[in-house]
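Notes to accompany the following structure.
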Amino acid sequence: MTMTPERQEVAVTPPPAATPRRRRRTPLTWLRGGGPANLFFVLPMLIVFFFFSWSPIVQSVIMSLQKTNLLVSHWVGFDNYVAVLSDPELGRAVLNTLYFAVLALLFGFPLPLFMAVLMSEVKRGKGLYSALAYLPVVIPPVVAVLLWKFFYDSSPNGVFNTVLSWVGIPPQPWLSSAAQAMPSLVLEATWAAAGGSIIIYLAALLSVPPELYDAAEVDGAGIWRKVWHVSLPQLRGILFIMLILQVIATAQVFLEPFLFTGGGPAGATKTILLYIYDKAFRNSLGGDYGEATAVSVLLALVLAVLSWLYFRLTDRWSTT
């Protein structure tokens with residue numbers, strides 16, 4: 001009896017599917033695809049966006065090339081930019097703004113993250129702690145600044161000086177000292193803005209898979225190792241976004257130096273936006289709006305370039 005060999009099955013690779021050809025877009029296909037109806041619904045938004053966003057930007061660029069007091073204008077080209085770039089007060093305002101930004105990043109950026117991590121580990125009363133942390137954001141900014149200005153009273157009976165006297169520290173000049181004025185402003189700004197960042201970090205921490213924490217605990221990791229090896233890598237995207245937002249906010253700081261010190265003492269807290277305000281509104285007969293707008297355009301360009309570079313450099317870091 002002869003044995004017939006078993007038929008070997010041969011895997012046949014199917015031919016690659018043909019790539020569908022993209023249909024050429026023509027006005028007729030746009031009409032048939034509901035283009036007019038889509039445009040009808042989008043048009044009101046485009047009109048509002050143009051008049052309230054792009055139109056003021058274009059008008060600002062045009063005003064920066066003019067000598068104007070909003071009543072009489074004449075074209076001067078780039079003379080406004082030359083004038084403000086050669087003004088030594090602008091250089092000092094830039095240095096003061098950088099000083100504020102560095103202090104705000106050193107104290108104001110890690111503090112909300114640290115508090116959010118601690119609050120995420122709390123088992124009871126998490127909602128109460130979140131509400132208390134967000135409370136400074138609810139207080140109107142002007143009211144908060146005036147309240148802290150009362151606390152910063154440099155007399156021995158001031159609130160902060162009274163507290164310091166309990167531990168034997170002499171009264172501090174606070175806002176009246178060129179050395180202490182900017183750190184005092186940073187302290188209040190950090191207190192006022194930390195609540196919003198804490199809420200964002202708490203929401204981001206809720207998205208971290210619990211299995212990662214469980215695996216870290218099995219490996220014997222404590223709370224700080226879990227934060228460093230689990231929480232922070234999972235929050236890289238949020239951290240990068242919050243960092244660039246804080247850089248932009250600190251570069252545009254105005255309320256604190258305006259209400260606390262008015263730029264003093266001796267110009268120690270005069271920031272870029274306060275410099276722009278002085279250029280435009282300090283003179284009761286009408287300020288130099290052209291030069292003020294030129295500084296605003298320069299600030300917008302610098303922030304745009306920094307934001308672009310930042311996202312280009314951190315795009316791969318935030319996703320790998």
Side-chain angles (χ1 to χ4, degrees), residues 97-123 126-138 141 144 182-183 185-217 219-256 271-273 299-320:
T97 305
L98 290 176
Y99 182 39
F100 181 93
V102 170
L103 290 179
L105 290 176
L106 288 177
F107 298 102
F109 185 72
L111 181 61
L113 180 60
F114 176 76
M115 296 182 63
V117 171
L118 289 182
M119 293 169 60
S120 65
E121 296 294 328
V122 174
K123 303 302 181 181
K126 186 179 298 185
L128 176 61
Y129 296 139
S130 301
L132 292 176
Y134 196 72
L135 184 60
V137 183
V138 179
M182 190 64 80
L185 268 60
V186 172
L187 180 61
E188 187 278 335
T190 301
W191 171 85
S197 301
I198 290 174
I199 297 301
I200 294 175
Y201 288 139
L202 283 175
L205 287 171
L206 292 176
S207 64
V208 179
E211 296 82 5
L212 299 179
Y213 292 113
D214 296 338
E217 289 182 357
D219 293 337
I223 179 174
W224 298 118
R225 292 187 63 185
K226 288 193 295 183
V227 170
W228 184 259
H229 294 287
V230 178
S231 300
L232 292 182
Q234 295 294 318
L235 299 181
R236 280 180 299 180
I238 297 296
L239 290 174
F240 290 144
I241 295 296
M242 295 297 293
L243 180 59
I244 190 61
L245 289 178
Q246 185 161 353
V247 169
I248 294 174
T250 53
Q252 298 177 347
V253 61
F254 172 75
L255 184 65
E256 284 80 9
T271 57
I272 295 178
L273 257 65
L299 178 61
L301 290 176
V302 170
L303 291 178
V305 172
L306 288 178
S307 301
W308 179 78
L309 289 175
Y310 178 82
F311 283 112
R312 285 294 301 270
L313 293 174
T314 59
D315 181 56
R316 187 175 63 179
W317 300 344
S318 60
T319 56
T320 57

- Query: Are Met115 and Ser197 side-chain neighbours, meaning at least one heavy-atom pair lies under 4.5 Å?
  - Reply: no

- Could you tell me which non-hydrogen atom of Gln246 sits nearest to which non-hydrogen atom of Ala104, and how far apart they are? NE2-O, 3.0 Å

- Message: Are the side chains of Val186 and Leu106 in contact, using a 4.5 Å heavy-atom criterion?
- Response: no

- Message: Does atom CZ (Phe114) have a neighbourhood of more than 12 heavy atoms from anything else shown, all under 6.0 Å?
- Response: no

- Query: In this structure, are over 12 heavy atoms from other groups packed under 6.0 Å from Tyr310 atom OH?
  - Reply: yes

- Considering all heavy atoms of both residues, which atom of Ala144 and which atom of Trp191 are nearest to each other, and what is their separation? CB-CZ3, 3.8 Å

- Query: How long is the gap from CD on Glu188 to CG on Leu255, to the nearest 0.5 Å?
  - Reply: 7.5 Å

- Heavy-atom closest pair (Thr190 atom, Gly108 atom, distance to 0.1 Å) is CG2-CA, 3.7 Å

- Task: Provide the closest heavy-atom pair for Ala204 versus Ile238 in the form atom of the first, atom of the second, distance.
- Result: CB-CG1, 4.0 Å

- Message: So, taking the atom named CD1 in Ile200 and the one named CG in Leu245, what distance separates them when rounded to the nearest 0.5 Å?
- Response: 8.0 Å

- Which atom of Phe100 lies closest to which atom of Ala189, heavy atoms considered: CZ-CB, 4.0 Å

- Between Gln252 and Leu299, is there a donor-acceptor pair closer than 3.5 Å when you use the side chain of the first and the backbone of the second? no

- Task: Determine whether Leu206 and Leu202 make a side-chain contact, defined as any pair of heavy atoms from C-beta on separated by less than 4.5 Å.
- Result: no

- Message: Could you report the tightest heavy-atom contact between Pro209 and Gln234, atom names first, then the distance?
- Response: CD-OE1, 4.3 Å

- Item | Candidate pair Ile198 and Ser130, rule side-chain contact (heavy atoms from CB on, under 4.5 Å), full reasoning | CA-CA 8 Å; Ile198 290 174; Ser130 301; over 6 Å; no

- Message: Within the 4.5 Å heavy-atom criterion, are Leu105 and Leu243 side-chain neighbours or not?
- Response: yes

- Supply the atom-to-atom distance Thr97 OG1 to Leu273 CG, rounded to the nearest 0.5 angstrom. 8.0 Å

- Quick one: list whatever passes side-chain contact (heavy atoms from CB on, under 4.5 Å) with Leu239, sequence neighbours left out. Phe109, Leu113, Tyr201, Leu232, Leu235

- Item | Distance (rounded to the nearest 0.5 Å) between Leu306 CG and Leu301 CG | 11.0 Å

